[in-house]
K.L.:
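Here it is: the structure, laid out below.
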Protein chains: 2
Amino acid sequence: MDNQEIRKAGLKVTLPRVKILELLEASVPRHVSAEDVYKMLLEKGEEIGLATVYRVLTQFEAAGLVTRHNFEGGHAVFELDRGEHHDHIVCVLCGKVEEFMDATIEERQKEIAAEHGFEMEDHSLIIYGRCNNSSCPGRE
Amino acid sequence: MDNQEIRKAGLKVTLPRVKILELLEASVPRHVSAEDVYKMLLEKGEEIGLATVYRVLTQFEAAGLVTRHNFEGGHAVFELDRGEHHDHIVCVLCGKVEEFMDATIEERQKEIAAEHGFEMEDHSLIIYGRCNNSSCPGRE
DNA sequence: CTCGTAATGCAAAAGATTCTCATCTCTCTT
DNA sequence: AAGAGAGATGAGAATCTTTTGCATTACGAG
Ligand SMILES: [Mn+2]
Ligand SMILES: [Mn+2]
Ligand SMILES: [Zn+2]
Ligand SMILES: [Zn+2]
């Protein structure tokens, strides 16, 4: 159960934390901003402050429960960590996000970092493009 | 001369634009924030407003004269466009930025976008790590 | 159940970027 | 060279996202 995840992170099991984790587990779409989480909670009737949402998401990130991404647009998005790393493709027209993992790219990145005398700690790869979804605006 | 670049972009050749472009051409480091540009101009005795710096950088970006990057940290950085695309490695300890271009990765990205039904428009690849610079803090 | 500490909510603060608007200044035209 | 008009600038207000301060509340160890 979620409570164990929270406890394991050294955090008290409080209602806001449980609700936020539950929401992320059931969230569609998977990638949501702090504001999104806040509004979704309001719609569910949970009165949780926006500041708390930001605080909890940051704590969950530090605990490895969620991952934060800086897509274009000025606000960060979060997603539940499922253990396996992946990168993203974002549609610049409709915002649709798809995920992928490419062993070749992952490997080259490590090599490149090493070639430059860096010890790779993390990386962010985002492909921006136009999707072929029929409901995507801008389809000519 | 710079004036042609500016004119070619359909912009009037004004003192702020010329000074900002000159500064970017001579800038060390190469990757600077709007605030950086503003302060560097002040130090040179140029009284150019911060709002103008933001406006001009955005216009230069639209004109393809500069490229904007969203490194971690909440503020965008700009660099003069030199015609050839490249990606970045950023040191999480000292902020040092190195550039690289890897044909294998570039190729795979296009393929991946296509596999997902996306027409790639752009991409952002940033490797975060710890550099081996002797002046980098955090060297243990 | 009781207490002490950690967590929460609200509002204020911060940091980055954009916008408003009155005032300038390029450019093009006489 | 002088004038007109569109476009650009500067200062500050406004936005937007995220963080903080602080008084109040709620976990959870004992
Ligand atoms: Mn994802
Ligand atoms: Mn660069
Ligand atoms: Zn789309
Ligand atoms: Zn470093």
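Worth saying up front: this structure is predicted, and the values here are computed from it rather than measured. To find a chain, count down the sequence lines: A is the first, B the second, and so on, and within it residues start at 1.
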K.L.:
Apply side-chain hydrogen bond (donor to acceptor under 3.5 Å, both in side chains) to B:Glu98 and list each qualifying residue two or more places apart in sequence or on a separate chain.
P.N.:
A:His116, B:Lys96

K.L.:
Should side-chain heavy atoms under 4.5 Å link Ile, Leu, Val, Met, Phe, Trp and Tyr, which residues sit in the same cluster as A:Met120?
P.N.:
A:Ile89, A:Phe100, A:Ile105, A:Ile112, A:Phe118, A:Leu125, A:Ile127, B:Ile89, B:Phe100, B:Ile105, B:Ile112, B:Phe118, B:Met120, B:Leu125, B:Ile127

K.L.:
Residues in side chain to side chain contact (heavy atoms under 4.5 Å, CB included) with B:Tyr38, at least two apart?
P.N.:
B:Glu35, B:Leu42, B:Leu50, B:Val53

K.L.:
Among all residues two or more places apart in sequence or in another chain, which pass the salt bridge (Lys or Arg N to Asp or Glu O under 4.0 Å) test with B:Glu72?
P.N.:
none

K.L.:
How would you give the extent of chain B contacts on DNA chain D, as first and last nucleotide 5' to 3' within a 4.0 Å heavy-atom cut-off?
P.N.:
D:dA6 to D:dG12

K.L.:
Could you give the distance from CZ (B:Arg108) to CZ (A:Arg108), rounded to the nearest 0.5 Å?
P.N.:
13.5 Å

K.L.:
Give, for atom CD of B:Gln109 and atom CG of B:Asp102, the distance between the pair rounded to the nearest 0.5 Å.
P.N.:
9.5 Å

K.L.:
Can you sort out the partners of B:Ser124 under side-chain hydrogen bond (donor to acceptor under 3.5 Å, both in side chains), two or more places apart, ordered by chain and number?
P.N.:
none

K.L.:
Find the distance between CZ (B:Phe71) and OH (B:Tyr128) and round it off to the nearest 0.5 Å.
P.N.:
7.0 Å

K.L.:
Who are the salt bridge (Lys or Arg N to Asp or Glu O under 4.0 Å) partners of B:Glu22, not counting sequence neighbours?
P.N.:
B:Lys19

K.L.:
Please name all residues satisfying salt bridge (Lys or Arg N to Asp or Glu O under 4.0 Å) with A:Arg68, sequence neighbours left out, ordered by chain then number.
P.N.:
A:Glu61

K.L.:
Have a look at the helix from C:dC1-D:dG30 to C:dT30-D:dA1 and give the angle its two end axes make, five pairs each, rounded to 10 degrees.
P.N.:
30°

K.L.:
Any protein N or O atoms within reach of nucleotides 24-28 of chain C? Criterion: under 3.5 Å, listing atom names and distances.
P.N.:
{"unit_1": "C:dC26", "atom_1": "O2", "unit_2": "B:Lys12", "atom_2": "NZ", "d": "3.2"}
{"unit_1": "C:dT27", "atom_1": "OP1", "unit_2": "B:Arg7", "atom_2": "NH2", "d": "3.3"}
{"unit_1": "C:dT27", "atom_1": "OP1", "unit_2": "B:Val13", "atom_2": "N", "d": "2.9"}

K.L.:
Quick check for you: to the nearest 0.5 Å, what is the distance between B:Asp122 atom CG and A:Ile126 atom CD1?
P.N.:
10.5 Å

K.L.:
I'd like to check the salt bridge (Lys or Arg N to Asp or Glu O under 4.0 Å) partners of A:Glu99; sequence neighbours left out, ordered by chain and number.
P.N.:
A:Arg30, A:Arg82

K.L.:
Assign a letter to each nucleotide of nucleotides 11-21 of chain C from its 5' end: B, base within under 4.0 Å of a protein heavy atom; S, sugar-phosphate only; -, no contact.
P.N.:
B----SBBBB-

